[in-house]
Colleague: 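Please read through the structure below; I'll follow up with questions.
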Amino acid sequence: MSSPSLCVGVVAPLTGRLAPLGSPLSYVLRALAPRLEHIRNGGRRHDVTVAVRDSRSDPGAARQAVRDLAGTDGANLVLTMAGTRVLPAVTDACEEAGVPCVSTTFPWQAYVDARGAEPGHRFRWTYHFAWGLDDIAAVFADLWERVDGSAAVGCLWNDDLQGQLLRHDRYGFAPVTSARGHTLVDLGAYREPADGFAVQVGRLREHGAGLVTSAATATDLALFHRQAREAGLRPRLITCSRWLTYPHTHTTPAPDVHGELADARVATLVYWSPGHPYRSSLDGTTCAELAHAYRQDTGAAWLQPLGLAHALVETAHHALTVAADPTDRASVAQALAGTTLDTIAGTLDFTRGPTPNIALLPLVGGQWQHGPGGPRLAVVSNTALPGVPLTGELTPAR
């Protein structure tokens, strides 16, 4: 008698503005397809299908994708990544439908806050692995101190979710950076996409801030840097999270932005790279091997979400393998809650917090630098994870 089949649902941005971030997940699903065809649980063998639905980079479409997966496809769990508005739409829809979900790619505080909850809230069905805003702040502060430990830091933060959270008095940047002696100067909120930064450049000049930190899009950051230079200002270092963690592709940002950002010496966070000392729990693949295979198979450079996409699939495989009843969604959710797993993105431990439903990943610091094949992301600070080798030296702008 055959065991019931299982379904892994995936909501991915295959089209729309987030599509470049859907590519690594699509690649991993293809590469690991043989590993997902069957799983063994308690001596029983289950056939597994993978159902992929396009979020279209839109929250409404993402919610409908979950409804389709939960109903039409009968998914036993759902995987998703990418989009500060799309990802919460997926996870909330999974919570409503009673389908286990694993997600990744942005700070856990944003994951919780965007869903209208407070740290400490326990979701029944949805789990997320990433890092915290405090972890980003610690990495950036380390980079600032290597350039100018006493300089004021101008904060270029938008008026949306990212800016609101970065300004938060409890889990934004200030608690971490103030304790290290840094003075943060809010340059003023702006709306994306920006049409100019005259106010922010003026405040940068007024406060004499020699460093800038941001979570801007690449296009907006390049515009700010260009207007600052036109005003005779040249920040020695810009630290930026969000879009600047990804490589400069033909879609993000536009080609005319490349040189501006390279000249700005933008530094960013690094959560995964070919040099990270991890292996896949499925087949032992190293980070370097995964990055090499991605370039060989797609012709594209590795990008950080690649490792997280692989870890998503590893987590799904693990949960279905160890759940008391992999055909029962509540049993799969319980398995996720108790998961501690060594993955190609690091150890995911959902039992430790910092808040329920969250597993933390450590961060190191990187900088976009000129390379023979175009801009490259060099690891320039590994304080939180010494096992990651440095691949460059932090270089301030002249």
Side-chain angles (χ1 to χ4, degrees), residues 104-111 119 128-149 153 165-166 168 170-182 184 211 213-215 237-242 244-246 265-279 286-288 290-291 302-308 310-311 340-355 358-369 376-396:
T104 187
T105 50
F106 62 87
W108 68 263
Q109 293 95 337
Y111 172 85
H128 184 78
F129 64 89
W131 44 90
L133 293 172
D134 50 338
D135 299 311
I136 300 174
V139 168
F140 284 2
D142 182 58
L143 296 172
W144 303 338
E145 289 155 13
R146 293 169 186 239
V147 174
D148 188 342
V153 181
L165 290 173
L166 289 163
H168 199 282
R170 281 187 293 131
Y171 47 78
F173 263 31
V176 174
T177 57
S178 295
R180 297 176 66 145
H182 298 287
L184 299 183
L211 306 172
T213 194
S214 184
L237 183 69
I238 296 177
T239 54
C240 188
S241 54
R242 203 167 153 222
L244 267 296
T245 61
Y246 310 123
R265 303 293 189 185
V266 177
T268 189
L269 58 98
V270 178
Y271 50 80
W272 186 86
S273 76
H276 274 61
Y278 306 131
R279 290 180 177 270
T286 66
C287 296
L290 176 60
W302 67 272
L303 66 170
Q304 296 199 55
L306 179 63
L308 303 192
H310 197 289
T340 300
L341 181 67
D342 292 333
T343 74
I344 203 166
T347 300
L348 305 183
D349 187 351
F350 289 99
T351 69
R352 293 186 60 186
T355 193
I358 302 296
L360 276 182
L361 294 177
L363 298 177
V364 296
Q367 185 179 38
W368 287 104
Q369 300 179 347
R376 73 178 188 103
L377 182 58
V379 175
V380 297
S381 170
N382 61 0
T383 303
L385 198 59
V388 178
L390 301 178
T391 58
E393 292 186 5
L394 182 65
T395 307

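All values derive from a computational prediction rather than experimental measurement.
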Colleague: Assess whether side-chain contact (heavy atoms from CB on, under 4.5 Å) is satisfied between Tyr271 and Leu308, documenting all intermediate values.
Modeller: CA-CA 9 Å; Tyr271 50 80; Leu308 303 192; 3.4 Å; yes
Colleague: Do Ser381 and Asp142 pass the side-chain contact (heavy atoms from CB on, under 4.5 Å) test, and can you show the C-alpha distance, the side-chain angles, and the key distance before you say yes or no?
Modeller: CA-CA 8 Å; Ser381 170; Asp142 182 58; 2.4 Å; yes
Colleague: If you round to the nearest 0.5 Å, how far is CD1 of Ile344 from OG1 of Thr286?
Modeller: 6.5 Å
Colleague: Evaluate Thr213 against Phe173 for side-chain contact (heavy atoms from CB on, under 4.5 Å), listing each step before the verdict.
Modeller: CA-CA 10 Å; Thr213 194; Phe173 263 31; 3.8 Å; yes
Colleague: How close do Glu145 and His182 get, heavy atom to heavy atom, and via which atoms?
Modeller: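 Taking every non-hydrogen atom into account, OE2-NE2, 2.7 Å.
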Colleague: Considering non-hydrogen atoms only, spot the tightest contact between Val270 and Gly365 and give its length.
Modeller: CG2-C, 4.0 Å
Colleague: Enumerate the side-chain hydrogen bond (donor to acceptor under 3.5 Å, both in side chains) contacts for residues 129-139, please, sequence neighbours excluded, ordered by first and then second residue.
Modeller: Gln109-Asp134
Colleague: For the atom pair CG (Leu237) and OG1 (Thr395), what is the distance rounded to the nearest 0.5 Å?
Modeller: 9.5 Å
Colleague: May I have the step-by-step check of side-chain hydrogen bond (donor to acceptor under 3.5 Å, both in side chains) for Thr347 and Asp349, ending in yes or no?
Modeller: CA-CA 6 Å; Thr347 300; Asp349 187 351; over 6 Å; no
Colleague: Is there a side-chain contact (heavy atoms from CB on, under 4.5 Å) between Leu290 and Leu306? Walk through the geometry before answering.
Modeller: CA-CA 8 Å; Leu290 176 60; Leu306 179 63; 3.8 Å; yes
Colleague: Measuring only between side-chain heavy atoms, which start at C-beta, is Phe129 closer than 4.5 Å to Leu361?
Modeller: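 Of all side-chain heavy-atom pairs linking Leu361 with Phe129, at least one is under 4.5 Å.
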Colleague: Got a donor-acceptor contact below 3.5 angstrom from the Asn382 side chain to the Pro389 backbone?
Modeller: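 No; judged by distance alone, with no hydrogens or angles, the pair does not exist.
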Colleague: Taking side chain as C-beta onward, heavy atoms only, is Ile136 less than 4.5 Å from Leu363?
Modeller: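 Result yes, sub-4.5 Å side-chain heavy-atom pair found.
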Colleague: So which heavy atom on Cys240 is nearest to which on Thr268, and how close?
Modeller: O-OG1, 2.6 Å
Colleague: Testing the basics here: between Gly132 and Leu360, what is the closest heavy-atom pair and its distance to 0.1 Å?
Modeller: N-CD2, 4.1 Å
Colleague: Is His276 reaching over with its side chain to a backbone N or O of Ser273, donor-acceptor style, under 3.5 angstrom?
Modeller: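 Judged by distance alone, yes, a pair lies under 3.5 Å.
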Colleague: If you define the side chain from C-beta out and look only at heavy atoms, does anything of Pro107 sit under 4.5 Å from Leu133?
Modeller: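 Pro107 reaches Leu133 side chain to side chain.
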Colleague: Working to the nearest 0.5 angstrom, can you tell me the gap between Ile238 CD1 and Trp368 CH2?
Modeller: 15.0 Å
Colleague: To the nearest 0.5 Å, how far apart are OH in Tyr111 and OG1 in Thr355?
Modeller: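 Between Tyr111 OH and Thr355 OG1, I get 10.5 Å after rounding to 0.5 Å.
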Colleague: Can you tell me if Thr245 uses its side chain to pair, donor with acceptor, with the backbone of Ser241 under 3.5 Å?
Modeller: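 Judged by distance alone, no pair lies under 3.5 Å.
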Colleague: What orientation do Tyr171 and Trp108 show, parallel under 30°, tilted 30 to 60°, or perpendicular over 60°?
Modeller: tilted
Colleague: Residues in ring pair (Phe, Tyr, Trp, His ring centres under 6.0 Å) with Phe106, at least two apart?
Modeller: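 Applying ring pair (Phe, Tyr, Trp, His ring centres under 6.0 Å) to Phe106 gives His128.
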Colleague: Pick out which of Thr391, Val380, Leu394 makes a side chain to side chain contact (heavy atoms under 4.5 Å, CB included) with Gln369.
Modeller: Val380
Colleague: So does Arg352 have more than 12 non-hydrogen atoms from other groups sitting under 6.0 Å from CZ?
Modeller: no
Colleague: Considering non-hydrogen atoms only, spot the tightest contact between Ala138 and Val176 and give its length.
Modeller: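 The answer is N-CG1, 3.9 Å.
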Colleague: For the pair His168 (side chain) and Arg170 (backbone), establish whether a donor and an acceptor sit closer than 3.5 Å, ignoring hydrogens and angles.
Modeller: yes
Colleague: How long is the gap from CZ on Arg279 to SG on Cys287, to the nearest 0.5 Å?
Modeller: 9.5 Å
Colleague: Rounded at 0.5 Å granularity, tell me how far CG in Leu377 sits from CG in Leu269.
Modeller: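 It is 9.0 Å, given to the nearest 0.5 Å.
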Colleague: Using a 4.5 Å cut-off on heavy atoms from C-beta on, say whether the side chain of Val139 contacts that of Val364.
Modeller: no
Colleague: List the atom of Ala345, the atom of Ala311, and the distance in Å for their closest heavy-atom pair.
Modeller: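 Heavy atoms only, the tightest pair is CB-CB, 3.7 Å.
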Colleague: For Trp144 and Thr239, indicate whether the former's side chain and the latter's backbone hold a donor-acceptor pair under 3.5 Å.
Modeller: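 No.
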Colleague: Is a donor on one side and an acceptor on the other found under 3.5 Å between the side chain of Gln304 and the backbone of Trp272?
Modeller: yes
